[in-house]
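What follows is a set of notes on a single structure, which appears directly below.
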Amino acid sequence: MSERTILVWFRNDLRIRDNEVLLEAMRKADKVLPVYCFDPFYFRKNPSGNSKTGNLRARFLLESVADLRKNLRQIGGELIIRTGNPAIILPQLAEQYHVNEVYHHREVAHEETDISEEVETALWKIRLNLKHFIGHTLYHKEDLPFPIKDIPDSFAVFKKKVERDSNVRSCVGTPESVKTPAIIDAGHLPALQDLGLELPHDDPRSAHTFLGGENVALDQLKQCFTNIEQLNKNKNARNSGLNDHSSKLSPWIALGCISLRQVYWEVINHQDSNSHYTNALLLDLLWRDYFRFMFKKHGQKFIAAKNSNVKAPTDAGEHDILFESWKNGETGVPLIDAIMHELNATGYISNHSRQITAGYLINDLKIDWKKGAAYFEEKLIDYSPASNWGNWAFIAGVNDARESRYAIASKPAGELETKSGYIDSWQPVAKLS
Ligand code: FAD
(Lines give C-alpha, C1' and ligand atoms only; values in the text may rest on other atoms or scores of the structure.)
Protein backbone atom coordinates (compact mmCIF):
# COMPACT_ATOMS: atom_id res chain seq x y z
CA MET A 1 0.00 0.00 0.00
CA SER A 2 1.29 3.48 -0.88
CA GLU A 3 2.22 5.97 1.83
CA ARG A 4 -0.31 8.52 2.99
CA THR A 5 0.78 12.19 3.15
CA ILE A 6 -1.14 15.05 4.73
CA LEU A 7 -0.30 18.68 3.99
CA VAL A 8 -0.65 20.92 7.06
CA TRP A 9 -1.40 24.49 6.03
CA PHE A 10 -0.20 26.77 8.86
CA ARG A 11 -1.96 30.13 9.15
CA ASN A 12 -2.57 31.64 12.59
CA ASP A 13 -1.42 28.55 14.48
CA LEU A 14 2.36 28.96 14.29
CA ARG A 15 3.26 26.45 17.00
CA ILE A 16 4.01 22.78 17.51
CA ARG A 17 2.61 22.57 21.07
CA ASP A 18 -1.15 22.17 21.57
CA ASN A 19 -1.68 22.07 17.81
CA GLU A 20 -4.40 19.56 17.03
CA VAL A 21 -3.99 19.92 13.27
CA LEU A 22 -0.35 18.88 13.37
CA LEU A 23 -0.96 16.07 15.85
CA GLU A 24 -3.93 14.65 13.93
CA ALA A 25 -2.02 14.78 10.63
CA MET A 26 0.77 12.80 12.27
CA ARG A 27 -1.70 10.24 13.59
CA LYS A 28 -3.54 9.81 10.29
CA ALA A 29 -0.61 9.86 7.81
CA ASP A 30 2.81 8.33 7.30
CA LYS A 31 4.24 11.68 6.32
CA VAL A 32 3.31 15.29 7.02
CA LEU A 33 4.07 18.24 4.74
CA PRO A 34 3.99 21.50 6.75
CA VAL A 35 3.52 24.64 4.60
CA TYR A 36 3.30 28.38 5.26
CA CYS A 37 2.33 30.86 2.49
CA PHE A 38 2.99 34.60 2.68
CA ASP A 39 -0.15 35.66 0.87
CA PRO A 40 0.28 38.98 -1.03
CA PHE A 41 -3.35 39.75 -0.15
CA TYR A 42 -2.19 40.67 3.37
CA PHE A 43 0.52 43.02 2.15
CA ARG A 44 -1.47 45.12 -0.33
CA LYS A 45 -2.86 48.59 0.38
CA ASN A 46 -6.44 48.85 1.63
CA PRO A 47 -8.96 51.30 0.06
CA SER A 48 -7.89 54.14 2.40
CA GLY A 49 -4.29 53.80 1.20
CA ASN A 50 -2.89 52.07 4.29
CA SER A 51 -1.06 48.75 4.16
CA LYS A 52 -3.10 45.85 5.47
CA THR A 53 -0.04 44.75 7.41
CA GLY A 54 2.41 47.30 8.78
CA ASN A 55 6.13 46.59 8.99
CA LEU A 56 6.21 45.95 12.76
CA ARG A 57 3.59 43.23 12.52
CA ALA A 58 5.13 41.81 9.34
CA ARG A 59 8.48 41.54 11.11
CA PHE A 60 6.82 39.79 14.05
CA LEU A 61 5.20 37.37 11.59
CA LEU A 62 8.51 36.63 9.85
CA GLU A 63 10.13 35.90 13.22
CA SER A 64 7.25 33.60 14.16
CA VAL A 65 7.41 31.62 10.92
CA ALA A 66 11.20 31.31 11.28
CA ASP A 67 10.71 29.96 14.81
CA LEU A 68 8.12 27.46 13.63
CA ARG A 69 10.56 26.19 11.00
CA LYS A 70 13.27 25.89 13.67
CA ASN A 71 10.93 23.94 15.98
CA LEU A 72 9.83 21.60 13.19
CA ARG A 73 13.45 20.98 12.19
CA GLN A 74 14.28 20.14 15.82
CA ILE A 75 11.81 17.26 15.67
CA GLY A 76 13.07 16.01 12.32
CA GLY A 77 10.67 17.90 10.05
CA GLU A 78 10.74 20.89 7.74
CA LEU A 79 8.51 23.83 6.88
CA ILE A 80 7.98 24.72 3.24
CA ILE A 81 7.79 28.50 2.86
CA ARG A 82 6.33 30.17 -0.21
CA THR A 83 5.18 33.66 -1.15
CA GLY A 84 2.01 33.71 -3.24
CA ASN A 85 -1.67 32.87 -3.35
CA PRO A 86 -2.32 29.71 -1.29
CA ALA A 87 -5.08 28.70 -3.73
CA ILE A 88 -2.37 28.30 -6.38
CA ILE A 89 0.54 27.16 -4.22
CA LEU A 90 -1.17 24.50 -2.11
CA PRO A 91 -2.59 22.47 -5.05
CA GLN A 92 0.82 22.63 -6.77
CA LEU A 93 2.62 21.33 -3.67
CA ALA A 94 -0.12 18.74 -3.13
CA GLU A 95 0.47 17.32 -6.61
CA GLN A 96 4.25 17.51 -6.35
CA TYR A 97 4.33 15.61 -3.02
CA HIS A 98 1.42 13.21 -3.75
CA VAL A 99 -0.62 14.59 -0.89
CA ASN A 100 -3.83 12.76 0.11
CA GLU A 101 -5.52 15.47 2.19
CA VAL A 102 -4.96 19.03 3.43
CA TYR A 103 -5.58 20.10 7.05
CA HIS A 104 -5.94 23.57 8.49
CA HIS A 105 -7.51 25.56 11.33
CA ARG A 106 -10.78 27.23 10.41
CA GLU A 107 -10.88 31.03 10.60
CA VAL A 108 -13.89 33.17 11.40
CA ALA A 109 -13.69 36.61 9.74
CA HIS A 110 -14.84 36.90 6.14
CA GLU A 111 -11.52 37.69 4.42
CA GLU A 112 -9.94 34.65 6.02
CA THR A 113 -12.87 32.35 5.28
CA ASP A 114 -12.99 33.61 1.66
CA ILE A 115 -9.36 32.52 1.28
CA SER A 116 -10.15 29.08 2.75
CA GLU A 117 -13.05 28.71 0.33
CA GLU A 118 -10.82 29.60 -2.60
CA VAL A 119 -8.27 27.01 -1.47
CA GLU A 120 -11.00 24.44 -0.91
CA THR A 121 -12.34 24.95 -4.46
CA ALA A 122 -8.86 24.74 -5.99
CA LEU A 123 -8.07 21.55 -4.07
CA TRP A 124 -11.40 20.06 -4.98
CA LYS A 125 -10.50 20.43 -8.67
CA ILE A 126 -7.66 17.96 -8.08
CA ARG A 127 -9.98 15.81 -5.94
CA LEU A 128 -8.44 16.69 -2.60
CA ASN A 129 -10.30 17.48 0.59
CA LEU A 130 -9.54 20.48 2.82
CA LYS A 131 -10.28 19.38 6.37
CA HIS A 132 -11.22 22.16 8.79
CA PHE A 133 -10.29 22.03 12.49
CA ILE A 134 -11.63 24.25 15.24
CA GLY A 135 -8.82 25.40 17.46
CA HIS A 136 -8.56 29.14 17.98
CA THR A 137 -10.88 29.52 20.93
CA LEU A 138 -10.59 28.75 24.63
CA TYR A 139 -13.91 26.91 24.75
CA HIS A 140 -14.37 24.46 21.91
CA LYS A 141 -17.38 25.32 19.77
CA GLU A 142 -18.81 21.84 20.32
CA ASP A 143 -18.59 22.19 24.12
CA LEU A 144 -20.64 25.38 24.28
CA PRO A 145 -23.91 25.00 26.21
CA PHE A 146 -25.85 26.44 23.26
CA PRO A 147 -25.77 26.21 19.45
CA ILE A 148 -23.93 29.03 17.70
CA LYS A 149 -27.18 30.72 16.64
CA ASP A 150 -28.27 30.99 20.31
CA ILE A 151 -25.03 32.36 21.78
CA PRO A 152 -26.08 35.21 24.11
CA ASP A 153 -25.22 38.64 22.72
CA SER A 154 -24.63 39.89 26.22
CA PHE A 155 -21.07 39.20 27.35
CA ALA A 156 -22.23 38.86 30.96
CA VAL A 157 -24.76 36.13 30.06
CA PHE A 158 -22.30 34.41 27.72
CA LYS A 159 -19.69 34.36 30.51
CA LYS A 160 -22.08 33.10 33.16
CA LYS A 161 -23.42 30.24 31.06
CA VAL A 162 -20.11 29.16 29.58
CA GLU A 163 -18.35 29.12 32.94
CA ARG A 164 -21.23 27.24 34.57
CA ASP A 165 -22.00 24.68 31.87
CA SER A 166 -18.80 24.12 29.89
CA ASN A 167 -15.16 23.19 30.41
CA VAL A 168 -11.92 24.09 28.75
CA ARG A 169 -10.39 21.03 27.13
CA SER A 170 -6.87 19.90 28.04
CA CYS A 171 -4.04 20.76 25.69
CA VAL A 172 -3.09 18.12 23.14
CA GLY A 173 0.41 16.60 23.31
CA THR A 174 3.56 17.93 21.69
CA PRO A 175 4.94 15.77 18.87
CA GLU A 176 8.38 14.31 19.60
CA SER A 177 9.20 13.69 15.97
CA VAL A 178 7.62 14.38 12.60
CA LYS A 179 8.27 12.68 9.27
CA THR A 180 8.18 14.88 6.20
CA PRO A 181 8.69 13.66 2.61
CA ALA A 182 12.12 14.36 1.07
CA ILE A 183 11.78 18.09 0.34
CA ILE A 184 13.39 19.46 -2.80
CA ASP A 185 13.00 23.19 -2.24
CA ALA A 186 11.91 24.24 1.25
CA GLY A 187 12.01 27.93 0.23
CA HIS A 188 13.44 30.98 1.97
CA LEU A 189 11.85 33.31 4.42
CA PRO A 190 11.13 36.51 2.46
CA ALA A 191 12.71 39.78 3.58
CA LEU A 192 10.43 42.68 4.59
CA GLN A 193 11.40 44.43 1.36
CA ASP A 194 10.18 41.39 -0.64
CA LEU A 195 6.77 42.03 0.94
CA GLY A 196 6.90 45.68 -0.12
CA LEU A 197 7.73 46.98 3.38
CA GLU A 198 10.53 49.02 4.87
CA LEU A 199 12.60 47.94 7.88
CA PRO A 200 11.02 49.35 11.05
CA HIS A 201 12.94 51.69 13.28
CA ASP A 202 12.95 50.44 16.89
CA ASP A 203 11.98 53.27 19.18
CA PRO A 204 14.10 53.25 22.38
CA ARG A 205 11.10 54.60 24.34
CA SER A 206 9.20 51.36 23.85
CA ALA A 207 8.46 49.72 27.20
CA HIS A 208 8.10 46.23 25.70
CA THR A 209 10.04 44.04 23.32
CA PHE A 210 8.06 41.78 21.04
CA LEU A 211 9.99 39.05 19.26
CA GLY A 212 7.85 36.61 17.32
CA GLY A 213 7.72 32.84 17.80
CA GLU A 214 6.53 30.04 20.03
CA ASN A 215 9.67 29.93 22.17
CA VAL A 216 9.50 33.60 23.12
CA ALA A 217 5.75 33.24 23.74
CA LEU A 218 6.47 30.59 26.38
CA ASP A 219 9.06 32.86 28.01
CA GLN A 220 6.55 35.72 28.00
CA LEU A 221 4.00 33.49 29.71
CA LYS A 222 6.52 32.71 32.48
CA GLN A 223 7.35 36.40 32.77
CA CYS A 224 3.70 37.20 33.17
CA PHE A 225 3.48 35.04 36.32
CA THR A 226 6.66 36.57 37.71
CA ASN A 227 5.06 40.00 37.25
CA ILE A 228 1.85 38.85 38.89
CA GLU A 229 3.79 37.45 41.88
CA GLN A 230 5.49 40.82 42.31
CA LEU A 231 2.17 42.63 42.09
CA ASN A 232 0.74 40.30 44.73
CA LYS A 233 3.63 40.97 47.08
CA ASN A 234 3.28 44.70 46.58
CA LYS A 235 -0.13 45.36 48.14
CA ASN A 236 0.40 49.13 47.73
CA ALA A 237 0.45 48.71 43.97
CA ARG A 238 -3.04 47.33 43.98
CA ASN A 239 -4.36 49.98 46.31
CA SER A 240 -2.83 52.79 44.29
CA GLY A 241 -4.29 51.52 41.06
CA LEU A 242 -0.90 50.53 39.62
CA ASN A 243 -2.18 47.02 39.13
CA ASP A 244 -1.50 46.36 35.47
CA HIS A 245 -1.92 42.60 35.24
CA SER A 246 -1.82 42.63 31.46
CA SER A 247 0.19 39.77 30.07
CA LYS A 248 1.34 41.43 26.79
CA LEU A 249 0.69 38.03 25.21
CA SER A 250 -1.68 39.30 22.52
CA PRO A 251 0.78 39.38 19.57
CA TRP A 252 1.69 35.72 20.15
CA ILE A 253 -1.92 34.72 20.75
CA ALA A 254 -2.98 36.48 17.53
CA LEU A 255 -0.59 34.39 15.43
CA GLY A 256 -1.21 31.24 17.43
CA CYS A 257 2.40 31.03 18.66
CA ILE A 258 0.68 30.03 21.90
CA SER A 259 -2.87 28.75 22.32
CA LEU A 260 -5.49 30.23 24.61
CA ARG A 261 -5.73 26.81 26.27
CA GLN A 262 -2.02 26.81 27.11
CA VAL A 263 -2.40 30.23 28.72
CA TYR A 264 -5.58 29.17 30.52
CA TRP A 265 -4.10 26.02 32.09
CA GLU A 266 -0.98 27.87 33.20
CA VAL A 267 -3.20 30.49 34.80
CA ILE A 268 -5.16 27.76 36.58
CA ASN A 269 -1.89 26.24 37.85
CA HIS A 270 -0.92 29.60 39.33
CA GLN A 271 -4.35 30.53 40.55
CA ASP A 272 -4.28 29.65 44.27
CA SER A 273 -2.06 32.43 45.42
CA ASN A 274 -2.77 34.98 42.72
CA SER A 275 -6.51 35.01 42.36
CA HIS A 276 -7.12 38.77 41.83
CA TYR A 277 -4.79 39.14 38.83
CA THR A 278 -5.23 35.66 37.45
CA ASN A 279 -9.01 36.04 37.49
CA ALA A 280 -8.64 39.27 35.54
CA LEU A 281 -6.51 37.43 32.99
CA LEU A 282 -9.07 34.63 32.66
CA LEU A 283 -11.77 37.23 32.07
CA ASP A 284 -9.71 38.78 29.27
CA LEU A 285 -9.24 35.42 27.56
CA LEU A 286 -13.00 35.02 27.60
CA TRP A 287 -13.47 38.39 25.90
CA ARG A 288 -11.42 37.09 23.02
CA ASP A 289 -13.65 34.03 22.72
CA TYR A 290 -16.73 36.19 22.93
CA PHE A 291 -15.78 38.39 19.97
CA ARG A 292 -14.83 35.37 17.91
CA PHE A 293 -18.09 33.58 18.65
CA MET A 294 -20.04 36.75 17.90
CA PHE A 295 -18.48 36.76 14.44
CA LYS A 296 -19.34 33.11 14.04
CA LYS A 297 -22.94 33.82 15.00
CA HIS A 298 -23.60 37.08 13.16
CA GLY A 299 -20.95 37.13 10.42
CA GLN A 300 -20.43 40.64 9.02
CA LYS A 301 -23.67 41.78 10.66
CA PHE A 302 -21.85 41.83 13.98
CA ILE A 303 -19.99 44.92 12.87
CA ALA A 304 -22.86 46.47 10.93
CA ALA A 305 -26.10 45.59 12.70
CA LYS A 306 -27.12 49.19 13.26
CA ASN A 307 -26.02 52.52 11.87
CA SER A 308 -23.86 54.45 14.25
CA ASN A 309 -25.79 57.44 15.56
CA VAL A 310 -22.66 59.58 15.39
CA LYS A 311 -22.98 62.24 12.67
CA ALA A 312 -19.91 62.51 10.46
CA PRO A 313 -18.62 65.93 9.36
CA THR A 314 -20.29 66.83 6.08
CA ASP A 315 -17.18 68.50 4.66
CA ALA A 316 -15.03 65.69 3.19
CA GLY A 317 -11.88 67.83 3.33
CA GLU A 318 -12.34 68.60 7.02
CA HIS A 319 -13.01 64.94 7.62
CA ASP A 320 -9.72 63.92 5.99
CA ILE A 321 -7.73 66.50 7.92
CA LEU A 322 -9.19 65.35 11.24
CA PHE A 323 -8.49 61.72 10.46
CA GLU A 324 -4.88 62.49 9.46
CA SER A 325 -4.40 64.47 12.68
CA TRP A 326 -5.64 61.49 14.72
CA LYS A 327 -3.40 59.04 12.87
CA ASN A 328 -0.32 61.21 13.24
CA GLY A 329 -0.93 62.18 16.86
CA GLU A 330 -1.55 65.85 16.01
CA THR A 331 -5.01 66.42 17.44
CA GLY A 332 -3.78 68.82 20.10
CA VAL A 333 -5.14 66.57 22.90
CA PRO A 334 -1.92 65.54 24.68
CA LEU A 335 -3.00 62.08 25.82
CA ILE A 336 -4.53 61.11 22.45
CA ASP A 337 -1.43 62.33 20.64
CA ALA A 338 0.92 60.50 23.00
CA ILE A 339 -0.99 57.24 22.56
CA MET A 340 -0.99 57.55 18.77
CA HIS A 341 2.77 58.20 18.78
CA GLU A 342 3.27 55.08 20.89
CA LEU A 343 1.08 53.06 18.53
CA ASN A 344 2.89 54.30 15.42
CA ALA A 345 6.32 53.70 16.96
CA THR A 346 5.77 50.30 18.60
CA GLY A 347 2.61 48.62 17.24
CA TYR A 348 1.36 48.01 20.79
CA ILE A 349 -0.79 50.10 23.13
CA SER A 350 -2.76 49.00 26.19
CA ASN A 351 -6.43 48.09 26.08
CA HIS A 352 -7.30 51.31 27.89
CA SER A 353 -5.33 53.37 25.36
CA ARG A 354 -7.17 51.63 22.52
CA GLN A 355 -10.51 52.46 24.11
CA ILE A 356 -9.57 56.10 24.65
CA THR A 357 -8.30 56.72 21.13
CA ALA A 358 -11.16 54.82 19.48
CA GLY A 359 -13.73 56.67 21.59
CA TYR A 360 -12.11 59.99 20.73
CA LEU A 361 -12.14 59.28 16.98
CA ILE A 362 -15.77 58.20 17.08
CA ASN A 363 -17.33 60.57 19.59
CA ASP A 364 -15.21 63.71 19.41
CA LEU A 365 -13.91 63.79 15.83
CA LYS A 366 -17.05 62.03 14.54
CA ILE A 367 -15.09 60.00 12.02
CA ASP A 368 -16.36 56.70 10.64
CA TRP A 369 -15.15 54.06 13.11
CA LYS A 370 -14.25 51.71 10.24
CA LYS A 371 -11.45 54.05 9.19
CA GLY A 372 -10.01 53.84 12.69
CA ALA A 373 -10.35 50.06 12.74
CA ALA A 374 -8.56 49.80 9.39
CA TYR A 375 -5.76 51.99 10.74
CA PHE A 376 -5.41 49.76 13.82
CA GLU A 377 -5.40 46.75 11.48
CA GLU A 378 -2.27 48.10 9.83
CA LYS A 379 -0.50 49.25 12.97
CA LEU A 380 -1.24 46.74 15.75
CA ILE A 381 1.24 43.90 16.00
CA ASP A 382 -1.47 41.83 17.73
CA TYR A 383 -4.08 42.52 15.03
CA SER A 384 -6.76 39.88 15.09
CA PRO A 385 -9.87 40.45 12.92
CA ALA A 386 -12.60 39.53 15.41
CA SER A 387 -10.90 41.29 18.36
CA ASN A 388 -10.10 44.47 16.46
CA TRP A 389 -13.29 44.94 14.44
CA GLY A 390 -15.44 43.59 17.26
CA ASN A 391 -14.00 46.00 19.85
CA TRP A 392 -14.28 48.96 17.48
CA ALA A 393 -17.87 48.12 16.57
CA PHE A 394 -18.61 47.71 20.26
CA ILE A 395 -17.27 51.18 21.09
CA ALA A 396 -19.09 52.66 18.09
CA GLY A 397 -22.28 51.02 19.36
CA VAL A 398 -23.10 49.50 15.99
CA ASN A 399 -23.79 45.98 17.17
CA ASP A 400 -26.19 44.50 19.63
CA ALA A 401 -23.62 43.26 22.10
CA ARG A 402 -24.65 44.48 25.53
CA GLU A 403 -23.11 44.96 28.96
CA SER A 404 -20.24 47.05 27.66
CA ARG A 405 -17.39 47.60 30.09
CA TYR A 406 -16.33 50.51 27.92
CA ALA A 407 -17.94 53.31 29.87
CA ILE A 408 -14.44 54.74 30.30
CA ALA A 409 -13.76 54.76 26.59
CA SER A 410 -13.93 58.45 25.79
CA LYS A 411 -12.65 60.31 28.83
CA PRO A 412 -9.18 61.51 27.95
CA ALA A 413 -9.41 64.64 30.08
CA GLY A 414 -9.47 62.84 33.44
CA GLU A 415 -6.51 60.77 32.39
CA LEU A 416 -4.32 63.75 31.68
CA GLU A 417 -3.33 64.36 35.29
CA THR A 418 -2.35 60.78 36.02
CA LYS A 419 -0.51 60.22 32.78
CA SER A 420 1.76 63.22 32.51
CA GLY A 421 4.97 61.11 32.63
CA TYR A 422 3.59 59.01 29.84
CA ILE A 423 2.59 62.04 27.78
CA ASP A 424 6.05 63.58 28.18
CA SER A 425 7.77 60.44 27.02
CA TRP A 426 5.59 60.11 23.91
CA GLN A 427 6.15 63.55 22.47
CA PRO A 428 7.03 63.53 18.76
CA VAL A 429 10.76 62.84 18.43
CA ALA A 430 11.47 66.31 16.97
CA LYS A 431 9.99 67.99 20.07
CA LEU A 432 12.16 65.91 22.41
CA SER A 433 15.48 66.96 20.95
P1 FAD B 1 -4.34 40.78 28.70
O2 FAD B 1 -5.10 41.78 29.51
O3 FAD B 1 -3.18 40.13 29.32
O4 FAD B 1 -5.38 39.69 28.20
C5 FAD B 1 -4.98 38.38 27.81
C6 FAD B 1 -5.46 38.11 26.40
O7 FAD B 1 -6.89 38.19 26.35
C8 FAD B 1 -4.98 39.13 25.39
O9 FAD B 1 -3.67 38.82 24.97
C10 FAD B 1 -6.02 38.99 24.30
O11 FAD B 1 -5.74 37.89 23.47
C12 FAD B 1 -7.31 38.73 25.10
N13 FAD B 1 -8.04 39.99 25.32
C14 FAD B 1 -7.93 40.84 26.35
N15 FAD B 1 -8.83 41.83 26.25
C16 FAD B 1 -9.52 41.62 25.13
C17 FAD B 1 -10.59 42.30 24.48
N18 FAD B 1 -11.14 43.42 24.95
N19 FAD B 1 -11.04 41.79 23.32
C20 FAD B 1 -10.53 40.67 22.79
N21 FAD B 1 -9.53 39.97 23.36
C22 FAD B 1 -9.03 40.44 24.52
N23 FAD B 1 -6.84 42.52 20.88
C24 FAD B 1 -6.20 41.75 20.00
O25 FAD B 1 -5.67 40.70 20.38
N26 FAD B 1 -6.10 42.10 18.69
C27 FAD B 1 -6.65 43.27 18.21
O28 FAD B 1 -6.57 43.53 17.01
C29 FAD B 1 -7.33 44.12 19.13
N30 FAD B 1 -7.85 45.29 18.73
C31 FAD B 1 -8.50 46.08 19.65
C32 FAD B 1 -9.06 47.29 19.22
C33 FAD B 1 -9.71 48.12 20.13
C34 FAD B 1 -10.34 49.42 19.66
C35 FAD B 1 -9.81 47.73 21.49
C36 FAD B 1 -10.52 48.60 22.48
C37 FAD B 1 -9.28 46.53 21.90
C38 FAD B 1 -8.61 45.70 21.01
N39 FAD B 1 -8.05 44.47 21.42
C40 FAD B 1 -7.41 43.69 20.50
C41 FAD B 1 -8.27 43.96 22.78
C42 FAD B 1 -7.20 44.31 23.84
O43 FAD B 1 -6.92 45.68 23.81
C44 FAD B 1 -5.88 43.55 23.66
O45 FAD B 1 -6.14 42.18 23.48
C46 FAD B 1 -5.02 43.70 24.91
O47 FAD B 1 -4.75 45.06 25.14
C48 FAD B 1 -3.73 42.95 24.69
O49 FAD B 1 -2.87 43.11 25.79
P50 FAD B 1 -2.53 41.88 26.76
O51 FAD B 1 -2.04 40.73 25.95
O52 FAD B 1 -1.63 42.40 27.81
O53 FAD B 1 -3.95 41.55 27.33
Side-chain angles (χ1 to χ4, degrees), residues 12 52-54 56-57 60 108-109 112 136-138 155 158-159 207-208 210 217 220-221 223-225 227-228 231 243-264 266-267 274 276-295 302-303 326 336 339-340 342-343 346-363 367 369-399 401 403-410:
N12 293 318
K52 264 188 103 51
T53 306
L56 288 159
R57 179 149 57 88
F60 189 84
V108 73
E112 284 66 28
H136 287 308
T137 45
L138 182 59
F155 175 74
F158 168 79
K159 174 180 183 298
H208 318 290
F210 295 102
Q220 179 66 23
L221 185 58
Q223 183 60 43
C224 161
F225 292 112
N227 295 348
I228 287 180
L231 282 170
N243 56 353
D244 178 16
H245 68 276
S246 82
S247 63
K248 313 287 178 298
L249 277 169
S250 52
W252 292 277
I253 291 176
L255 286 184
C257 299
I258 194 165
S259 73
L260 286 187
R261 280 195 305 218
Q262 283 175 281
V263 179
Y264 175 88
E266 274 304 308
V267 174
N274 304 329
H276 169 71
Y277 300 108
T278 48
N279 282 341
L281 196 49
L282 291 180
L283 182 73
D284 284 341
L285 298 179
L286 204 55
W287 271 101
R288 192 170 205 279
D289 260 18
Y290 167 76
F291 282 118
R292 219 179 150 90
F293 284 126
M294 283 293 109
F295 263 78
F302 183 61
I303 56 170
W326 178 81
I336 300 294
I339 294 172
M340 293 309 286
E342 186 186 8
L343 173 67
T346 69
Y348 180 87
I349 50 174
S350 72
N351 187 47
H352 192 216
S353 293
R354 295 176 205 213
Q355 294 169 1
I356 290 170
T357 45
Y360 183 77
L361 183 88
I362 296 164
N363 300 315
I367 305 274
W369 67 273
K370 292 198 191 85
K371 294 188 80 170
Y375 190 67
F376 270 29
E377 172 169 351
E378 175 188 354
K379 292 293 169 189
L380 286 175
I381 60 164
D382 63 13
Y383 170 69
S384 213
S387 301
N388 184 56
W389 290 84
N391 271 287
W392 270 95
F394 207 177
I395 294 171
V398 294
N399 56 37
E403 310 289 336
S404 165
R405 64 170 178 172
Y406 294 133
I408 48 164
S410 58

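Each ligand, and each atom within it, is numbered from 1 in the order the structure gives. All heavy atoms count here, side chains included; hydrogens, waters and symmetry mates do not.
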Checklist line | Nitrogen or oxygen of S350 less than 3.5 angstrom from that of ligand 1 | finding: no
Note to self: Would you compute the distance between atom CG of L138 and atom CZ of R292 and round it to the nearest 0.5 angstrom?
What the structure shows: 12.0 Å
Next item on the list: Report the part of L281 in contact with ligand 1, treating N, CA, C, O as backbone and CB onward as side chain, heavy atoms under 4.0 Å; options are side chain, backbone, both, neither.
Entry: side chain
Item checked: Which segment of W389 sits under 4.0 Å of ligand 1 when only heavy atoms are counted -> neither
Check: Hey, is Y290 touching ligand 1 through its side chain, its backbone, both or neither, going by heavy atoms under 4.0 Å?
Finding: neither
Next item on the list: Give the atoms of ligand 1, by number and element, whose distance to some non-hydrogen atom of Y348 is under 4.0 Å.
Entry: 48 (C), 49 (O), 50 (P), 52 (O)
Note to self: For the aromatic rings, using the six-membered ring if either is Trp, is the centroid distance between Y360 and W326 under 6.0 Å?
What the structure shows: no
Notebook entry, point to check: Which of the listed options, R292, R288, Q355, holds the heavy atom that is closest to atom 10 (C) of ligand 1?
Noted result: R288
Next item on the list: Quick one: look at L380 and ligand 1, take heavy-atom pairs under 4.0 Å, and tell me if it's side chain, backbone, both or neither.
Entry: side chain
Notebook entry, point to check: Any donor and acceptor pair, going by atom type alone, linking the side chain of R354 with main-chain N or O of I349 inside 3.5 Å?
Noted result: yes
Item checked: Among F291, F376, W369, ring-ring contact (aromatic ring centres under 6.0 Å, His included) partner for W392 -> F376
Next item on the list: May I ask you to check if ligand 1 and K248 share an N or O to N or O distance below 3.5 Å?
Entry: yes
Margin query: Could you go through F158 and L286, starting from their C-alpha distance and side-chain angles, then the distance that decides it, and tell me whether this counts as side chain to side chain contact (heavy atoms under 4.5 Å, CB included)?
Written below: CA-CA 9 Å; F158 168 79; L286 204 55; 4.1 Å; yes
Margin query: List ligand 1 atoms under 4.0 Å from Y383, heavy atoms only on the residue side.
Written below: 28 (O)
Check: Which residue from V263, D284, D382, L283 reaches closest to atom 7 (O) of ligand 1 through any of its heavy atoms?
Finding: D284
Next item on the list: Check each atom of ligand 1 against the heavy atoms of F291 and keep those under 4.0 Å away; list them by number with element.
Entry: 19 (N), 20 (C)
Item checked: Check: L249 N/O within less than 3.5 Å of ligand 1 N/O -> yes
Item checked: Close-contact set for ligand 1 against S384 heavy atoms, below 4.0 Å -> 26 (N), 27 (C), 28 (O)
Check: Looking at S250, which atoms of ligand 1 are within less than 4.0 Å of one of its heavy atoms?
Finding: 9 (O), 25 (O), 48 (C), 49 (O), 51 (O)
Notebook entry, point to check: If you count the atoms of ligand 1 from 1 in the order shown, which ones are under 4.0 Å from a heavy atom of I253?
Noted result: 9 (O), 11 (O)
Next item on the list: Answer yes or no for R57 and Y348: cation-pi contact, defined as NZ/CZ to six-membered ring centre under 6.0 Å and angle to ring axis within 45°.
Entry: no
Check: If we only count N/O pairs under 3.5 Å, is W392 in contact with ligand 1?
Finding: no
Checklist line | Proximal candidate to atom 40 (C) of ligand 1 [heavy atom criterion; set R354, H208, E377] | finding: R354
